[in-house]
K.L.:
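Dumping the structure here so I can ask a few things about it.
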There are 4 protein chains.
Amino acid sequence: MTTDIADSGVAAEELKQFIERIERLEEEKAALGGDIKEVYSELKGRGFDVAAVRKLVALRKKPPEERAEADAILELYMQALGMQA
Amino acid sequence: MTTDIADSGVAAEELKQFIERIERLEEEKAALGGDIKEVYSELKGRGFDVAAVRKLVALRKKPPEERAEADAILELYMQALGMQA
Amino acid sequence: MTTDIADSGVAAEELKQFIERIERLEEEKAALGGDIKEVYSELKGRGFDVAAVRKLVALRKKPPEERAEADAILELYMQALGMQA
Amino acid sequence: MTTDIADSGVAAEELKQFIERIERLEEEKAALGGDIKEVYSELKGRGFDVAAVRKLVALRKKPPEERAEADAILELYMQALGMQA
DNA sequence: CGCTTAATATAGCCAC
DNA sequence: GTGGCTATATTAAGCG
């Protein structure tokens with residue numbers, strides 16, 4: 001493979017194609033990241049709490065049962081330590 | 001704002017809209033992440049070194065001049081420490 | 001400064017000192033990271049839920065009032081979206 | 001285990017011990033992080049390029065042979081793409 | 001399948 | 001005070 005690169009340039013072309021595909025995809029991905037950031041900025045401007053919304057979005061990614069169970073364990077541990085739940 | 005949520009549900013609707021926009025954008029972003037991963041998997045199957053390609057892609061993100069300057073300082077320091085450049 | 005490195009080696013020695021200080025500190029820091037990992041491993045072996053303990057430790061870093069307020073906002077938002085709190 | 005917590009408080013005490021160990025270790029770890037930051041601040045004040053020194057420290061973490069090999073592959077790929085090495 | 005390592009999300013920090 | 005950057009913590013993937 002590596003010798004192909006030095007020899008004929010065939011693999012070099014293949015590598016170039018791969019990299020261009022990656023770069024195009026990453027560009028689109030970064031653009032979406034920018035869009036998301038904009039939405040947060042906008043909702044912040046509308047008076048919402050950004051950190052809370054982030055947490056909310058994260059919570060919604062997990063099935064409710066899992067979340068409930070994790071919460072239950074956490075509260076149990078907090079009680080064991082005498083922290084207010 | 002927060003009282004609006006409790007009172008009328010108007011802000012609740014607005015919040016819902018924001019969150020749905022975010023979730024849709026994140027979905028698309030995750031899909032692109034998957035596509036990128038596939039490309040790496042494919043080029044790996046073709047015999048390329050994934051770590052090297054990742055580094056290469058990262059390098060290409062920075063303008064060549066910057067990279068050259070940063071490298072120059074780094075090499076200077078490396079020489080000062082007696083490391084092979 | 002940079003010319004000093006090339007010229008006299010004085011700054012080179014200074015740079016070397018700085019780097020050695022950093023590396024020594026990072027070594028100690030990494031060792032503590034390993035110790036922490038061991039504790040988690042140990043408590044896992046004793047039947048505790050690692051994720052929950054991590055969350056608990058993180059929670060304890062923040063003052064209780066802050067935590068309560070953040071929770072209040074989050075629950076408010078969840079109610080606005082009709083999610084079970 | 002979890003029933004022990006509710007029942008007798010024995011596991012609660014054990015959990016408390018674990019958490020205190022973790023918190024003590026994290027405190028020391030954070031202190032070292034602060035020390036490292038100070039060193040960077042100091043070398044910056046002495047005219048060194050912080051980003052370059054960070055990169056240098058990172059480089060030194062990897063064995064020279066590995067670094068050389070990785071560089072070789074990277075340069076091969078860069079040549080294949082017609083980038084200046 | 002656990003475990004180590006890399007990718008991502010988050011939070012703190014600094015400079016502007 | 002805000003936006004970018006660094007560092008950390010969490011999460012997912014790949015590997016043995």
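Chain letters run A, B, ... following the sequence lines, proteins first, then strands; residues in each count from 1. Only a predicted model underlies this, so the values are computations on that prediction, with no experimental measurement involved.
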K.L.:
Please state how far atom CD in Glu27(B) lies from atom P in dT8(E), giving the value in whole angstrom units.
P.N.:
17 Å
K.L.:
Just N and O in the side chain of Lys62(C): are any of them under 4.0 Å from OP1 or OP2 of dG12(E)?
P.N.:
yes
K.L.:
May I have the distance from Glu66(C) (atom CD) to dA11(E) (atom P), rounded to whole angstrom?
P.N.:
12 Å
K.L.:
In this structure, how many angstroms lie between the C1' atom of dT4(E) and the OH atom of Tyr40(C), rounded?
P.N.:
18 Å
K.L.:
Report the nucleotide, chosen from dT8(E), dC15(F), dA15(E), that has the shortest atom-to-atom distance to any side-chain atom of Lys44(B).
P.N.:
dC15(F)
K.L.:
Between P on dT11(F) and NZ on Lys55(A), what's the gap in Å once rounded to a whole number?
P.N.:
13 Å
K.L.:
Pick the nucleotide of DNA chain F nearest each of Ser41(B) and Ala51(C); which residue has the one closer to the 5' end?
P.N.:
Ala51(C)
K.L.:
Answer yes when Glu42(A) and Arg46(A) have at least one side-chain N-carboxylate O distance shorter than 4.0 Å, and no when they do not.
P.N.:
no
K.L.:
Considering every strand and a 4.0 Å limit on heavy-atom distances, what is the contact class for Lys29(D): base, sugar-phosphate, or nothing?
P.N.:
sugar-phosphate
K.L.:
How many angstroms lie between CG in Leu74(D) and CG in Asp49(B), if you round to the nearest 0.5 Å?
P.N.:
9.5 Å
K.L.:
Check the surroundings of atom CD in Glu20(D): do more than 12 heavy atoms from other residues, nucleotides or ligands lie under 6.0 Å from it?
P.N.:
yes
K.L.:
Compare all side-chain heavy atoms of Lys55(A) with those of Tyr77(C) and state whether any distance is below 4.5 angstrom.
P.N.:
no
K.L.:
With rounding to the nearest 0.5 angstrom, report the CD to CD distance, Glu75(A) to Gln79(A).
P.N.:
6.5 Å
K.L.:
Whole Å only: how far is the CG atom of Leu74(C) from the P atom of dT10(E)?
P.N.:
13 Å
K.L.:
So, does Arg54(B) get its side chain near the phosphate of dA7(E), meaning an N or O under 4.0 Å from OP1 or OP2?
P.N.:
yes
K.L.:
Find the distance Glu26(B):CD to dA12(F):P and express it as a whole number of Å.
P.N.:
13 Å
K.L.:
In terms of heavy-atom contacts, does CD of Glu66(C) have more than 12 from other residues, nucleotides or ligands at under 6.0 Å?
P.N.:
yes
K.L.:
Whole-Å distance between dT5(E) P and Lys61(D) NZ?
P.N.:
13 Å
K.L.:
Is the shortest side-chain N/O distance from Lys37(D) to OP1 or OP2 of dC5(F) below 4.0 Å?
P.N.:
no
K.L.:
Rounded off to whole Å, could you give me the CZ-to-P distance for the Arg60(A) and dA9(E) pair?
P.N.:
17 Å
K.L.:
Salt bridge check: are Glu23(C) and Lys61(D) linked by an N-O gap of less than 4.0 Å?
P.N.:
no
K.L.:
For DNA chain E, which ranges pair as stems of 3 or more consecutive Watson-Crick or G-U pairs, with both donor-acceptor distances under 3.5 Å?
P.N.:
E:1-16 with F:1-16
